[in-house]
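The chains referred to below are lettered A, B, ... by the order of the sequence lines, with proteins before strands, and numbering in each begins at 1. Only a predicted model underlies this, so the values are computations on that prediction, with no experimental measurement involved.
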Amino acid sequence: MSPYDRRADRRQRFAARVRRLPGYRFTVEELLPRVRGSRVLTDIVWRVFTPPHGVGVARRSFRADRLQVPEPDLLPVVVFTVLGVDAATLDRALTTLVALHEETRAFRGVVVVDRPDLVAVRQAGFVADHIIPAEDWYGAAEDHTAYVGRRLVSAVQGFRAWYVVHLGADGTVPERDELVIRSIRGAMSAPGSRTPFPEAPA
Amino acid sequence: MSRAVGGDAPVVLLVSSNGAGMGHLTRLLAYGRRLGTGLRPHIVSLSQAVPVVAAYDVPWEYLPSAQATGMDSGEWRWLFAERMREAVLRLRPAVLVFDGTHPYSGLDDAVAASPGTRAVWSRRAMWKPRHNSHQLSKVEWFDAVLEPGDLAAAADRGATVGTDAHRVGPVTLLDPEECSDRAGARIALGLPPDGPLALVSLGAGNINDTSDEVGAAVSALGARGVGVCVTQPSIAEQAGSRGDVHLVRRFPISQHLAAFDVAVAAAGYNSFHEHLRFGLPTLFVPNDETSLDDQVTRAEHAAARGWALSVRTLTGPAGDAAVDALLDRGPSLAEAARAADPGNGAADAAALLGELAGVVR
């Protein structure tokens, strides 16, 4: 069974109809890039609307099924890379991340691995992403390095990550990155935010 | 182990959509392992079960699905398109095969980025009537449509009936001669060597609740002295210390179907064809909650042809009668199904892919 979602399918068909409207191409290819690229218009928008800015102000759907917090849609996405480690180290890393997750309840996580333990990542409550490991790469080593770079950029862009943490070879979270993670909630409660933010964890 | 790049043989990129089970992935693996030495299969899958293909030495990559990420599908499409384009430009496949009933936007752009790549839509039939027909226009994205056959094709009333497609026989990962015998299968699955055992494969359920399909199946089989094997750990956990419920976790389970005397199963494409082709006496309980797959028609056709039994629900008296019939008549029905087996279509499918890749076998 394909993941066929009737409501999403209706939205897709609506979008397809919109894409066929006269002027669609001009709007997308000419008008919108000009608007987006205009420093003057951008400045005016900031002055007039003062859009809420920072962590915890924009809603988006992303997996957060272990988090028992109000407004999980406002939590930022954080990408954790756990690469080049053995199974035991990945297991330790996931235990660490689960503890950090449950303690802070301040992010939604993606864990990028180069091992086949996708289900373990999911069971820990995170979205799993995968990079082909160097030892399974048959091409030139520099091609693999370039691939890893592309894939990490893709993870940041594709998941619209707010922050990236590269775990150490021993599966630990670097101290300063942990500090950032632990400071997310404080940033979400910053004065001036007009969007309700999740309450601090009990 | 995933071997992404390397070797001189042209790549056949096998792209599986996500799904409730492993049907798409298993079907692509059935093609991939029969491509021969002149072609190199490489799987990109939206299924988290994809690492299992390493057992067949097929390189793999994982692409998180919209469901796995929780992203709205409109936003997820960007990720899918970007990852597919990257994979196609990196691998430059001679052929790209997408297995699914709903080709995702972005696949077309990815294929277009590699002009030498021939695109194939592997599209199972038996769609529920009047469902998904608008997807058929996406045939324009592909150079060919490959339809794995369905033993219930004569009853098919879905939108794919009568459309242009290369149709092959029903596709299963394994051929009968690759399967274990009863004793070997029970050893492989860690099951007791003696005594009747049933495979119960009905998706998630509550083993302790007879108003639930799984619970009703376990209760009816247990009352008749038949041990139960389930494939989902969550179900096995409910059994606690009961000795008559066993968890079987092995891929592919079809290799060891001989371990079971009978089966009570949903009528998804893979289970349906594996059970019938390999002669496992089966009571099908079709899942009518699927969005597209017409399991009810498939199961009822098998029953009408005298290959298996079918019942809409096991809860209530009809369920007990159906289990009695399974234990009584199941073996002779399974024998009839095996006699009607047209063979595995996977080799013909692989031959078609080889032809499209320009490799003469």
Side-chain angles (χ1 to χ4, degrees), chain A residues 1-16 19 59-65 72-73 77 108 110-123 126-140 143-144 146-147 150-151 153-155 157-160, chain B residues 1-7 17-21 23-24 46-52 54 59-83 86 90 99-105 124 131-132 134-135 268-269 287 289-293 295:
Chain A
M1 184 179 77
S2 293
Y4 177 68
D5 177 336
R6 209 164 269 124
R7 279 176 299 182
D9 196 54
R10 274 201 290 270
R11 291 196 294 268
Q12 188 180 327
R13 281 198 263 180
F14 172 75
R19 285 197 297 266
R59 288 180 188 280
R60 61 183 292 246
S61 297
F62 204 79
R63 185 159 178 256
D65 47 54
D73 283 359
V77 172
R108 294 174 287 175
V110 176
V111 178
V112 184
V113 296
D114 55 3
R115 300 183 42 79
D117 307 273
L118 306 174
V119 173
V121 173
R122 185 188 175 101
Q123 286 173 344
F126 304 114
V127 169
D129 196 10
H130 182 256
I131 286 180
I132 298 166
E135 60 267 28
D136 291 343
W137 187 267
Y138 276 17
D143 290 345
H144 182 259
Y147 156 79
R150 286 198 304 273
R151 184 48 65 89
V153 169
S154 169
Q157 294 194 121
F159 301 122
R160 287 205 274 150
Chain B
M1 302 289 281
S2 60
R3 293 168 303 162
V5 176
S17 59
N18 197 14
H24 301 294
L46 275 59
S47 167
Q48 293 191 333
V50 63
V52 300
W60 60 273
E61 296 179 41
Y62 171 64
L63 199 169
S65 67
Q67 190 184 20
T69 60
M71 293 162 74
D72 288 329
S73 55
E75 186 185 5
W76 174 80
R77 274 170 43 190
W78 186 93
L79 179 73
F80 175 79
E82 191 268 337
R83 294 280 174 100
E86 194 276 338
R90 170 164 41 91
D99 192 278
T101 51
H102 190 131
Y104 308 113
S105 298
R124 168 185 58 64
H131 280 57
N132 211 37
H134 62 283
Q135 289 293 328
Y269 182 93
N287 176 7
E289 299 299 312
T290 60
S291 58
L292 190 61
D293 192 22
Q295 291 197 13

Exercise for review: Hey, could you give me the CZ/CG distance between A/Arg160 and B/Leu79, rounded to the nearest 0.5 Å?
Suggested key: 12.0 Å

Check your understanding: What part of A/Arg60 is in contact with chain B, defined as an atom under 4.5 angstrom from a non-hydrogen atom: side chain, backbone, both or neither?
Key -> side chain

Practice item. Taking the side chain as every heavy atom from C-beta outward, state whether A/Asp129 and B/Arg83 have any atom pair closer than 4.5 Å. Key: yes

Exercise for review: Counting only heavy atoms closer than 4.5 Å, note whether B/Gln48 contacts chain A via side chain, backbone, both or neither.
Suggested key: both

Revision key, fill the gap. When the 4.5 angstrom heavy-atom criterion is applied to B/Thr69 and chain A, the contacting part is both

**Study point:** Among B/Tyr62, B/Trp76, B/Tyr269, residue most engaged with chain A (heavy-atom pairs, under 4.5 Å)
**Key:** B/Tyr62

Practice item. Flag the one option from A/Val121, A/Leu118, A/Val127 with the top tally of heavy-atom pairs under 4.5 Å to chain B. Key: A/Leu118

Check your understanding: In Å and rounded to the nearest 0.5 Å, what is the CD to CZ distance from B/Glu82 to A/Arg150?
Key -> 9.5 Å

Exercise for review: Find out whether A/Asp136 and B/Pro59 are in side-chain contact, i.e. whether some heavy atom of one side chain is under 4.5 Å from a heavy atom of the other.
Suggested key: no

Point to revise | Under 4.5 Å from a heavy atom of chain A, the part of B/Val50 involved | key: side chain

**Study point:** Most chain B-contacting option - heavy-atom pairs closer than 4.5 Å, from A/Ala140, A/Ala128, A/Ser154, A/Ala155
**Key:** A/Ser154

